[in-house]
Amino acid sequence: LVYNKVEKVPKYLSVRHDIVSRNYREFRSTYDEAIFSKAVNKDYEYKWGKYQIVAPSVSKDIRDEGNSLHHCVASYIDRVMDGTTQILFMRENVDESLVTVEVRNNRIVQARGYNNRAITTAEKKWLETYARARNLSFESVSRDESLPTPYVKQVEESSDSSTSEVELKDQIFVGAI
């Protein structure tokens with residue numbers, strides 16, 4: 001027996017769909033960037049001493065920050081676009097990612113570095129100065145009262161398997177991006 005293949009959708013319709021979808025994604029991307037640039041508050045930018053705060057210019061800047069620091073800040077782009085939050089970059093060198101800062105309701109709610117590391121004491125002190133200069137509240141947890149941040153420690157290998165165990169380590173903590 002030979003079955004004839006029945007074409008449910010003509011090939012030209014599939015090609016036309018792909019073209020329209022690509023054009024829509026391009027339109028949506030351009031539209032989103034216009035919304036994004038209006039939503040970013042450049043008034044948060046600041047420079048003093050060793051560090052500076054830089055606001056992203058386009059949404060790609062946030063994606064690049066997440067890639068550079070190995071955390072999920074790119075998932076915040078929609079929240080920036082709808083005005084719920086502001087994502088800022090703390091830099092020692094302009095082009096080098098150091099700490100990502102989230103500001104919501106005139107309050108610094110998160111500040112995280114590479115691999116979601118907690119901010120250092122020097123970074124915390126600078127952010128406190130920045131918060132005062134920009135009339136933001138900043139209530140970080142001190143080293144003694146810190147919330148646990150996980151890190152992976154290799155456990156001794158047993159004869160039947162090798163495993164990893166997650167232990168907790170105290171650090172200065174301000175949210176988790």
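Since the structure is predicted, the reported quantities are computational estimates derived from the model, not experimental observations.
- Remark: T100 OG1 to L69 CG distance equals 4.5 Å, nearest 0.5 Å.
- Among residues two or more places apart in sequence or in another chain, the side chain to side chain donor-acceptor pair (under 3.5 Å) test is passed with R104 by E102.
- For R79, the side chain to side chain donor-acceptor pair (under 3.5 Å) criterion is met by no residue, not counting sequence neighbours.
- With sequence neighbours left out, Y46 forms a ring-ring contact (aromatic ring centres under 6.0 Å, His included) with W126, Y130.
- For residues 83-103, no pair satisfies ring-ring contact (aromatic ring centres under 6.0 Å, His included), with sequence neighbours left out.
- Taking K47 as the reference, Q52 meet the side-chain contact (heavy atoms from CB on, under 4.5 Å) condition, with sequence neighbours excluded.
- No side-chain donor-acceptor contact under 3.5 Å links Q86 to the backbone of N106.
- For residues 100-121, the pairs satisfying ring-ring contact (aromatic ring centres under 6.0 Å, His included) are H70-Y114, with sequence neighbours left out.
- A salt bridge links E128 to K124: at least one charged side-chain nitrogen sits closer than 4.0 Å to a carboxylate oxygen.
- The CZ atom of R107 lies 11.0 Å from the CG atom of L136; values are rounded to the nearest 0.5 Å.
- Atom CG of residue L127 and atom CZ of residue R132 lie 11.0 Å apart, to the nearest 0.5 angstrom.
- A side-chain contact (heavy atoms from CB on, under 4.5 Å) with F36 is found for one member of I62, D61, D78 and no other, namely I62.
- Among residues two or more places apart in sequence or in another chain, the side-chain contact (heavy atoms from CB on, under 4.5 Å) test is passed with S37 by none.
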Under the side-chain contact (heavy atoms from CB on, under 4.5 Å) criterion, do Y44 and V101 qualify, and how do the steps go? CA-CA 11 Å; Y44 284 122; V101 179; over 6 Å; no

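- For the salt bridge (Lys or Arg N to Asp or Glu O under 4.0 Å) condition, the pairs that include at least one residue of residues 81-92, sequence neighbours left out, are K50-E92, E65-R91.
- Under the side-chain contact (heavy atoms from CB on, under 4.5 Å) criterion, R63 pairs with S59, K60, A74, I77, sequence neighbours left out.
- With sequence neighbours excluded, the residues satisfying side-chain contact (heavy atoms from CB on, under 4.5 Å) with A55 are V40, K42, E45, L88.
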Using side-chain contact (heavy atoms from CB on, under 4.5 Å), reason through L98 and E123 one step at a time and then give a plain yes or no. CA-CA 10 Å; L98 180 65; E123 292 164 349; 3.7 Å; yes

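- Alongside V94, the hydrophobic cluster contains no other residue (criterion: ILVMFWY side chains under 4.5 Å).
- Shortest non-hydrogen contact noted between A111 and I119 is O-CG2, 3.4 Å.
- More than 12 heavy atoms of other residues, nucleotides or ligands shown are found within 6.0 angstrom of CG on N115.
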V80 vs T85, test: side-chain contact (heavy atoms from CB on, under 4.5 Å). Steps then yes/no. CA-CA 5 Å; V80 171; T85 195; 4.1 Å; yes

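- When hydrophobic side chains of Ile, Leu, Val, Met, Phe, Trp and Tyr are connected at separations under 4.5 Å, V58 ends up as a singleton with no cluster partners.
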